[in-house]
Amino acid sequence: MFAIDCHDHIYIKRLAPKAVQSVGEFYEVEMACTGISDELIEIAGRSPVKRFVVNAVAPGPSSVKRLNDFMAKEKDAHPEFTALGTLHPGMEDVRSEIDRIISLGLKGIKLHPDSQGFDMDCREAMRIYEAAEGRLPVLMHCGDHRYDSSHPRRLVNILKAFPDLKVVAAHLGGWSIFEEAVQYMRELDCYMDISSTMPFIGEEKTLEYIRLYSADRLLFGSDYPMWSPEKEYETFMRLDLSEEEQRKILYKNASRVFDIDISDLEE
Ligand SMILES: [Zn+2]
């Protein structure tokens, strides 16, 4: 069964080694892969993970446009890629950059409050959600026991203000605070990905959360280059799920949320 990996970070080749190293240090994990797009293409060639939703995160307002151009180039060069744009709440012309993201053919926005240095529900970030509502889905990093900026309770405030905003809350809505996140995520009308989940809480606990939230809301993701998409796929396939649950999580939900054409892949 093929898969869409909905959560992959890629970097400008020249900058990748340093960037990947610093992510590893930030999360205190040994990074499995390089963060260079060629590696994902090789993985698509030899494994069931055939499509990647790639993203890049702007550390500040000044790198937003450059990174969105980079993402557009990457997805134009690689049919395996669906690319997300980046934004920063500190930039002035959010609305026109969203127009540009759409015209470049990018299919959503990736935000990482902790590494971009803003509170997920701050006033400036709300301008992004207002402009994206009904137009682009947001892949949102959620949860970190060391920080409060990406806490899932902030997502409740966002979806209350913008009920039609399509959100994929990464890492089951609360990386490293998976259990604390349940009280918020259970009631919310949003999707979640399972990236950076299995390596931290194991297969059994992941399966429990999948059952709690339901396969209808969940997307497969690896958080490449932190983890190997192939290995994450193998671990995922060991979970005791029905074939229909596997299909929803591996590709059906992602193809709908990010508008990915899978007609050549469907079995
Ligand atoms: Zn991420």
Is a donor on one side and an acceptor on the other found under 3.5 Å between the side chain of [X] and the backbone of [Y]?
X      : Y      : value
Arg100 : Arg95  : no
Asn68  : Thr86  : yes
Arg153 : Ala181 : no
Tyr191 : Ala169 : no
His141 : Gly143 : yes

From [atom1] ([X]) to [atom2] ([Y]), nearest 0.5 Å:
X      : Y      : atom1 : atom2 : result
Ser150 : Asp121 : OG    : CG    : 11.0 Å
Ile210 : Lys248 : CD1   : NZ    : 12.5 Å
Asp223 : Met198 : CG    : CE    : 11.5 Å
Ser228 : Glu232 : OG    : CD    : 7.5 Å
Asp69  : Glu74  : CG    : CD    : 12.0 Å

Exercise for review: For atom CD of Glu30, decide whether the heavy atoms of other residues, nucleotides or ligands shown that lie under 6.0 angstrom number more than 12.
Suggested key: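 Not more than 12 within 6.0 Å, no.
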
Review point. Do other residues, nucleotides or ligands put more than 12 heavy atoms under 6.0 Å from the CZ atom of Arg186?
Key: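 Atom CZ in Arg186 is not packed in, count stays at 12 or less.
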
Check your understanding: Is there a side-chain contact (heavy atoms from CB on, under 4.5 Å) between Lys65 and Asp93 once you walk through the steps?
Key -> CA-CA 11 Å; Lys65 290 191 172 148; Asp93 45 354; 3.2 Å; yes

With the side chain counted from C-beta on, respond yes when [X] and [Y] share a heavy-atom pair under 4.5 Å apart, and no when they do not.
X      : Y      : result
Phe200 : His171 : no
Lys75  : Lys107 : no
Ile158 : Met126 : yes
Glu243 : Met1   : yes
Met71  : Asp76  : no
Glu180 : Pro152 : no
Pro59  : Gln116 : no
Leu139 : Ile109 : no

**Study point:** Pairs where residues 240-267 contributes a residue and the test ring pair (Phe, Tyr, Trp, His ring centres under 6.0 Å) is met, not counting sequence neighbours
**Key:**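 Listed once each, the pairs are Phe2-Tyr251.
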
Exercise for review: Quick one: which residue pairs count as a ring pair (Phe, Tyr, Trp, His ring centres under 6.0 Å) with a foot in residues 56-82, not counting sequence neighbours?
Suggested key: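 Every pair satisfying ring pair (Phe, Tyr, Trp, His ring centres under 6.0 Å) with a residue in residues 56-82: His78-Phe81.
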
**Study point:** Trace of the side-chain contact (heavy atoms from CB on, under 4.5 Å) decision for Met120 with Cys142
**Key:** CA-CA 9 Å; Met120 194 200 288; Cys142 285; 3.8 Å; yes

Exercise for review: Indicate whether any N or O donor in one side chain lies under 3.5 Å from an N or O acceptor in the other, for Asn157 and Arg154.
Suggested key: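 Their side chains do not contain a donor-acceptor pair, so the 3.5 Å distance test is not met.
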
Name all residues meeting the side-chain hydrogen bond (donor to acceptor under 3.5 Å, both in side chains) criterion together with [X]; count only those two or more places apart in sequence or in a different chain, and write none if there are none.
X      : value
His88  : none
Ser103 : none
Arg238 : Glu203
Asp119 : Ser149

Once side-chain contact (heavy atoms from CB on, under 4.5 Å) is applied, do any residues pair with [X], and if so which ones, sequence neighbours excluded?
X      : answer
Ala254 : Ile4, Leu219
Glu133 : Phe162, Pro163, Asp164, Leu165
Ile102 : Ile98, Arg135, Leu136

Check your understanding: Under the side-chain contact (heavy atoms from CB on, under 4.5 Å) criterion, do Ser222 and Ser195 qualify, and how do the steps go?
Key -> CA-CA 5 Å; Ser222 70; Ser195 70; 5.7 Å; no

NZ/NE/NH1/NH2 to OD/OE distance under 4.0 Å, [X] and [Y]:
X      : Y      : result
Glu92  : Arg127 : no
Lys13  : Asp38  : yes
Glu208 : Lys205 : yes

Practice item. State yes or no: are the ring centers of His151 and Tyr184 separated by less than 6.0 Å? Key: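 Yes - the distance between ring centres of His151 and Tyr184 falls below the 6.0 Å cut-off.
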
Check your understanding: Shared ILVMFWY cluster between Leu155 and Ile177, side chains joined below 4.5 angstrom?
Key ->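 Different clusters.
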
Point to revise | ILVMFWY cluster, Val156 and Met192 together (side-chain gap under 4.5 Å) | key: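 Yes: a chain of side-chain contacts under 4.5 Å links Val156 to Met192.
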
Side chains of residues 19-28: which donor-acceptor partners sit under 3.5 Å, not counting sequence neighbours?
residue : atom : partner : partner atom : Å
Gln21   : NE2  : Glu25   : OE2          : 3.1
Ser22   : OG   : Ala19   : O            : 3.1
Tyr27   : OH   : His112  : NE2          : 2.9

Point to revise | Geometric class of the Tyr213/Tyr209 ring pair [parallel <30°, tilted 30-60°, perpendicular >60°] | key: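 Tyr209 and Tyr213: parallel rings.
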
Exercise for review: Go through Cys6 and Phe220 one step at a time and tell me if the side-chain contact (heavy atoms from CB on, under 4.5 Å) criterion holds.
Suggested key: CA-CA 6 Å; Cys6 83; Phe220 172 78; over 6 Å; no

Side-chain donor/acceptor pairs under 3.5 Å, residues 41-54, sequence neighbours excluded:
residue : atom : partner : partner atom : Å
Arg46   : NE   : Glu230  : OE1          : 3.2
Arg46   : NE   : Glu230  : OE2          : 3.0
Arg46   : NH2  : Glu230  : OE1          : 2.9
Ser47   : OG   : Ile43   : O            : 3.0
Ser47   : OG   : Val49   : N            : 3.1
Lys50   : NZ   : Ala44   : O            : 2.7
Lys50   : NZ   : Ser47   : O            : 2.9
Arg51   : NH2  : Asp264  : OD1          : 3.0
Arg51   : NH2  : Asp264  : OD2          : 3.1

Exercise for review: Let me know which of Asp8, Leu67, Ile10, Leu84 forms a side-chain contact (heavy atoms from CB on, under 4.5 Å) with Asn55.
Suggested key: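 When Asp8, Leu67, Ile10, Leu84 are each tested with Asn55, the side-chain contact (heavy atoms from CB on, under 4.5 Å) holds only for Leu84.
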
Point to revise | All pairs passing salt bridge (charged side-chain N to carboxylate O under 4.0 Å, His left out) where residues 187-202 contributes a residue, at least two apart | key: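 Listed by first then second residue: nothing to list.
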
